[in-house]
Student: 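Handing you a structure now.
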Amino acid sequence: MNIVLLGAPGAGKGTQAKLIEEKYGLTHIATGDIFRANIKGGTPIGKLAKSYIDAGKLVPDEVTCELVKDRLVNGEEGAGFMLDGFPRNLYQAEELDKFARIDLCINIDVDKSLLMDRICGRRMCSCGASYHVSTLNGATTCAKCGKPLFQREDDNPQTVGARLDTYASQTAPLEDYYKARGKLVTVDGGSGTPEEVFAVISSVIDKYLK
Ligand code: AP5
Ligand code: MG
């Protein structure tokens, strides 16, 4: 099955994608992660993407759509895939429908008041683990692999403000896009632990698979 994970910055898309990948074997494709790897590698795509990401704006559609299309056409998807951070506007959603079949859109809904703290308090590890400062008790290394933790460059209040505005104006309308196609399921991502949110998402996926 093929899933789109929709949700504002900090809603928990990446957190839930890891849990879904472990349980259901779906391939996790995150456009933000792909862009960050390109920035780190100094590629032309990375150089182009950086200024948009730093400003909290969307990387141009032609670049992003081509990247995802290429990944899906050339990838071995096995049980299916899960898109995290794509599509992010109506144009991308329409393009996606031309080159892939989407079965379900899981929309992780979190009150805006929680998002700034979640994102600005996030600390990442290069192994993919992510933490919130409030649970680290001053630790600066990853509990899973021991490497130093870091903060994403776009996880500062100014850029997060712009990312939230971009989400509200360009991405949130996709709820209606998938609702109109009978594919939208909204789950509450703001009042439970990641495991509790995952239990709800699992029940949604299990129901679909029956
Ligand atoms: P991207 O990397 O996709 O970032 P984002 O959408 O802003 O989302 P985040 O990764 O910040 O949050 P998340 O929902 O994954 O939350 P997480 O699980 O980490 O995109 C970055 C940039 O790339 C964009 O701004 C844009 O410039 C560009 N880009 C990407 N895709 C593009 C596209 N399609 N088109 C054009 N440009 C594109 O969780 C957040 C925090 O909350 C963590 O600390 C976590 O531990 C914590 N948390 C998670 N769940 C819970 C819970 N239930 N309770 C408490 N804390 C929780
Ligand atoms: Mg993410």
Side-chain angles (χ1 to χ4, degrees), residues 4-21 28-39 45-46 48-69 71 82-96 106-125 128-136 142-143 149-156 158-172 174 187-201:
V4 163
L5 280 180
L6 199 60
K13 302 182 295 295
T15 303
Q16 295 303 323
K18 278 197 187 67
L19 298 170
I20 295 170
E21 189 173 36
H28 178 200
I29 300 170
T31 39
D33 290 348
I34 298 174
F35 286 133
R36 283 184 287 279
N38 275 277
I39 292 173
I45 286 182
L48 175 100
K50 188 172 178 356
S51 60
Y52 294 94
I53 292 178
D54 287 348
K57 293 181 176 161
L58 297 186
V59 177
D61 288 335
E62 315 81 69
V63 178
T64 310
C65 289
E66 208 46 48
L67 204 85
V68 175
K69 189 175 176 183
R71 177 70 186 74
M82 169 182 39
L83 292 170
D84 159 2
F86 184 92
R88 250 177 153 99
N89 60 25
L90 203 54
Y91 177 83
Q92 293 182 7
E94 287 169 349
E95 284 302 299
L96 176 62
I106 299 176
N107 176 37
I108 307 174
D109 183 43
V110 175
D111 194 273
K112 201 180 165 189
S113 62
L114 298 174
L115 298 172
M116 185 64 84
D117 173 67
R118 273 197 190 184
I119 303 177
C120 293
R122 174 170 53 191
R123 298 294 179 272
M124 310 283 304
C125 177
S130 120
Y131 304 88
H132 191 274
V133 273
S134 61
T135 64
L136 282 170
C142 178
L149 299 176
F150 63 91
Q151 210 174 354
R152 259 169 57 177
E153 272 189 40
D154 59 343
D155 282 357
N156 62 77
Q158 195 188 351
T159 309
V160 174
R163 284 159 62 194
L164 292 172
D165 288 346
T166 301
Y167 185 83
S169 62
Q170 300 196 51
T171 313
L174 293 184
V187 302
D188 174 9
S191 43
T193 63
E195 291 70 26
E196 285 166 343
V197 175
F198 181 59
V200 177
I201 290 179

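Counting convention: from 1, in listed order, for ligands and their atoms alike.
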Student: Collect the protein residues that have a non-hydrogen atom under 4.0 Å from ligand 1 and hand them over in chain and number order.
Tutor: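 Near ligand 1, by chain and number: Ala8, Pro9, Gly10, Ala11, Gly12, Lys13, Gly14, Thr15, Thr31, Gly32, Phe35, Arg36, Ile53, Lys57, Leu58, Val59, Thr64, Gly85, Phe86, Arg88, Gln92, Arg118, Arg122, Ser130, Tyr131, Arg152, Asp154, Arg163, Gly189, Gly192, Thr193, Pro194, Val197.
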
Student: So, using salt bridge (Lys or Arg N to Asp or Glu O under 4.0 Å) as the criterion, who are the partners of Lys50 when residues are at least two apart?
Tutor: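 Once residues adjacent in sequence are excluded, the partners of Lys50 under the salt bridge (Lys or Arg N to Asp or Glu O under 4.0 Å) criterion are Asp54, Glu153.
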
Student: Which residues pass the side chain to side chain donor-acceptor pair (under 3.5 Å) test with Ser134, sequence neighbours left out?
Tutor: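 His132.
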
Student: Is the side chain of Arg152 donor-acceptor paired with the backbone N or O of Arg36 at a distance under 3.5 Å, no angle test?
Tutor: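 Such a contact is absent between Arg152 side chain and Arg36 backbone.
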
Student: Taking distance alone, no hydrogens or angles, what donor-acceptor pairs closer than 3.5 Å link side-chain atoms of residues 192-199 to residues at least two apart or in another chain?
Tutor:
from   : atom 1 : to     : atom 2 : distance (Å)
Thr193 : OG1    : Glu195 : N      : 3.4
Thr193 : OG1    : Glu196 : N      : 3.1
Glu196 : OE1    : Thr193 : N      : 2.9

Student: Of Asn89, Thr31, Ile53, Thr64, which meets side chain to side chain contact (heavy atoms under 4.5 Å, CB included) against Leu58?
Tutor: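 It is Asn89, the one option of Asn89, Thr31, Ile53, Thr64 that forms the side chain to side chain contact (heavy atoms under 4.5 Å, CB included) with Leu58.
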
Student: Heavy-atom count around Gln158 CD within 6.0 Å, excluding the residue itself: above 12?
Tutor: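 For Gln158, atom CD is not crowded (no more than 12 foreign heavy atoms under 6.0 Å).
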
